[in-house]
2 protein chains.
Amino acid sequence: MDTVATPAEPALRAHVVEVADALFYGRGVQAVGMDDLRSASGVSLKRLYGLFPSKEAIVLEVLRRRHELWTSSLAQAVAAVASPREKLLATYDYLAVWFDDDDFRGCGFINTFGELGATSPAVAAAAREHKASFQSYMASLVDAAGGSADLAAQLAILAEGAQTTAAIAGSGEAAGQARRAAATLIDAAL
Amino acid sequence: MDTVATPAEPALRAHVVEVADALFYGRGVQAVGMDDLRSASGVSLKRLYGLFPSKEAIVLEVLRRRHELWTSSLAQAVAAVASPREKLLATYDYLAVWFDDDDFRGCGFINTFGELGATSPAVAAAAREHKASFQSYMASLVDAAGGSADLAAQLAILAEGAQTTAAIAGSGEAAGQARRAAATLIDAAL
DNA sequence: GACGAGCGAGAACGATCGTTCTCGCCTCCC
DNA sequence: GGGAGGCGAGAACGATCGTTCTCGCTCGTC
């Protein structure tokens with residue numbers, strides 16, 4: 001039977017992607033070599049290239065995982081509160097918790113887009129799809145609250161701005177500022 | 001006397017920085033080699049390393065120039081209108097014009113921060129100072145309009161969010177959405 | 001016209017990258 | 001127990017990077 005020493009291929013892929021995510025997010029994609037990924041994951045180069053055809057494929061898989069984690073965590077935070085208005089504001093509370101992580105370094109999609117978006121169409125598309133997904137999620141929440149599509153776009157812009165502001169300034173206070181702005185916009189619109 | 005063939009050193013530096021800015025902004029810093037900069041600028045490698053001690057020094061000079069251009073262009077757009085409220089909104093009109101540039105690819109500071117912020121403290125500091133400068137400029141405009149510091153932070157976050165949204169989505173409509181949100185926040189606060 | 005300083009073009013260099021290959025060892029099956 | 005297949009460790013490879021060096025030419029000066 002399988003022992004710890006030989007995990008099934010899907011579990012190994014997941015492990016590699018998780019380690020790669022931490023490395024890429026913390027240092028930038030181009031600053032992490034395949035050998036760094038090998039040491040950090042304990043998976044040999046031969047196996048890495050058996051699991052993934054190239055480094056870019058790993059990058060895309062990392063972005064896919066990050067999108068899923070973000071989406072489900074946000075949905076969980078939204079589900080924890082009751083009213084449509086609270087659900088809208090829950091987004092910014094979720095951001096506040098995230099910003100206070102010690103290793104918070106901004107939105108991984110924005111960072112990777114800035115680094116590789118101009119050279120890798122696949123990376124640019126992944127970032128675009130992630131942001132479009134968030135915008136349409138916000139639109140569904142706003143719709144449930146009786147707001148317009150324009151309000152949804154405005155709330156999404158606030159969330160984007162809070163992420164880059166918190167990342168570059170190195171402080172999490174942008175989450176509270178964005179939350180107060182969102183509350184003002186919501187109350188003015190409804 | 002000096003002819004076209006031997007421009008003075010400051011003019012040559014300015015030329016190199018301008019060309020480097022276009023290359024770095026369009027493709028990302030790490031995707032542009034010193035040889036690309038040599039071909040694009042027509043300045044030999046030996047001269048490049050006589051003008052600047054390293055590639056990173058050129059990157060920092062590019063960011064410094066970009067900060068000055070952004071700051072003075074924004075001030076000019078703000079000066080063109082009269083009332084304090086209009087001056088606040090002029091920021092977003094300025095963004096709208098910028099977003100419609102064919103080669104708009106987001107905020108150069110955000111992009112460079114995402115690419116090199118984790119590895120180069122100097123780049124991270126340049127991005128931080130640029131954003132802090134913008135925030136304090138917004139704060140002075142808000143103060144002149146009789147608004148609070150929190151309103152200033154909120155308006156700055158809207159501008160940040162519009163930049164990344166426009167960059168990744170590839171469309172400039174975020175400027176108008178951010179402008180309408182800003183108007184709502186201003187009217188609610190004053 | 002001879003000479004020396006300075007410059008451009010590009011080779012050279014050492015480092016590093018993504019990717020592949022080699023080799024030795026371990027393990028599993030008959 | 002013996003042979004074969006698969007794996008890990010790391011060398012190898014070709015490309016590319018930032019940076020420096022070499023060489024030959026051009027020019028200004030006496």
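Throughout, a chain's letter reflects where its sequence line sits, starting with A, and its residues are numbered from 1. What you see below is based on every heavy atom in this structure, not just the backbone, and it leaves out hydrogens, waters and symmetry mates. This structure is a prediction, so every number in the text was calculated from the model and none was measured.
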query = Under a 4.5 Å cut-off applied to non-hydrogen side-chain atoms, are B:L60 and B:F52 in contact?
reply =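 They are not in contact (no side-chain heavy atoms under 4.5 Å apart), so the answer is no.
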ask   = Does a side-chain heavy-atom distance below 4.5 Å link A:F109 with A:R128?
value =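 Counting from C-beta outward, A:F109 and A:R128 never come under 4.5 Å.
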Tell me the interatomic distance from [X], atom [atom1], to [N], atom [atom2], rounded to whole angstroms.
| X | N | atom1 | atom2 | value |
| --- | --- | --- | --- | --- |
| A:M34 | C:dT20 | CE | C1' | 12 Å |
| B:L48 | C:dC7 | CG | P | 13 Å |
| B:Q30 | C:dT16 | CD | C1' | 12 Å |
| A:D36 | C:dT16 | CG | P | 11 Å |
| B:L23 | D:dC17 | CG | C1' | 16 Å |
| A:D35 | D:dG8 | CG | P | 14 Å |

Whichever of B:K46 and B:Y49 has its nearest DNA chain D nucleotide further upstream toward 5' =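 This one resolves to B:Y49.
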Of the nucleotides [options], which has the atom closest to the [X] side chain?
| X | options | result |
| --- | --- | --- |
| B:L45 | C:dA11, D:dA11, D:dC7 | C:dA11 |
| B:R47 | C:dG18, C:dC7, D:dC7 | C:dC7 |
| B:R38 | C:dA9, D:dG10, D:dG8 | C:dA9 |

ask   = Does the pair A:R65/A:E68 count as a salt bridge with the N-to-O cut at 4.0 Å?
value =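 Result for this pair is no, no salt bridge flagged.
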Partners passing side-chain hydrogen bond (donor to acceptor under 3.5 Å, both in side chains) against A:Q135 (at least two apart in sequence or in another chain) =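 Partners of A:Q135 by the side-chain hydrogen bond (donor to acceptor under 3.5 Å, both in side chains) criterion come out as none, since no residue qualifies.
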task = For B:K55, report the nucleic acid contact type (base, sugar-phosphate, nothing); a contact means any heavy atom under 4.0 Å.
result =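 Here B:K55 touches the backbone only, sparing every base.
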message = Taking any heavy-atom pair under 4.0 Å as a contact, classify B:V32: base, sugar-phosphate, or nothing.
response =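 Sugar-phosphate contact only - B:V32 comes under 4.0 Å of backbone atoms but never of a base.
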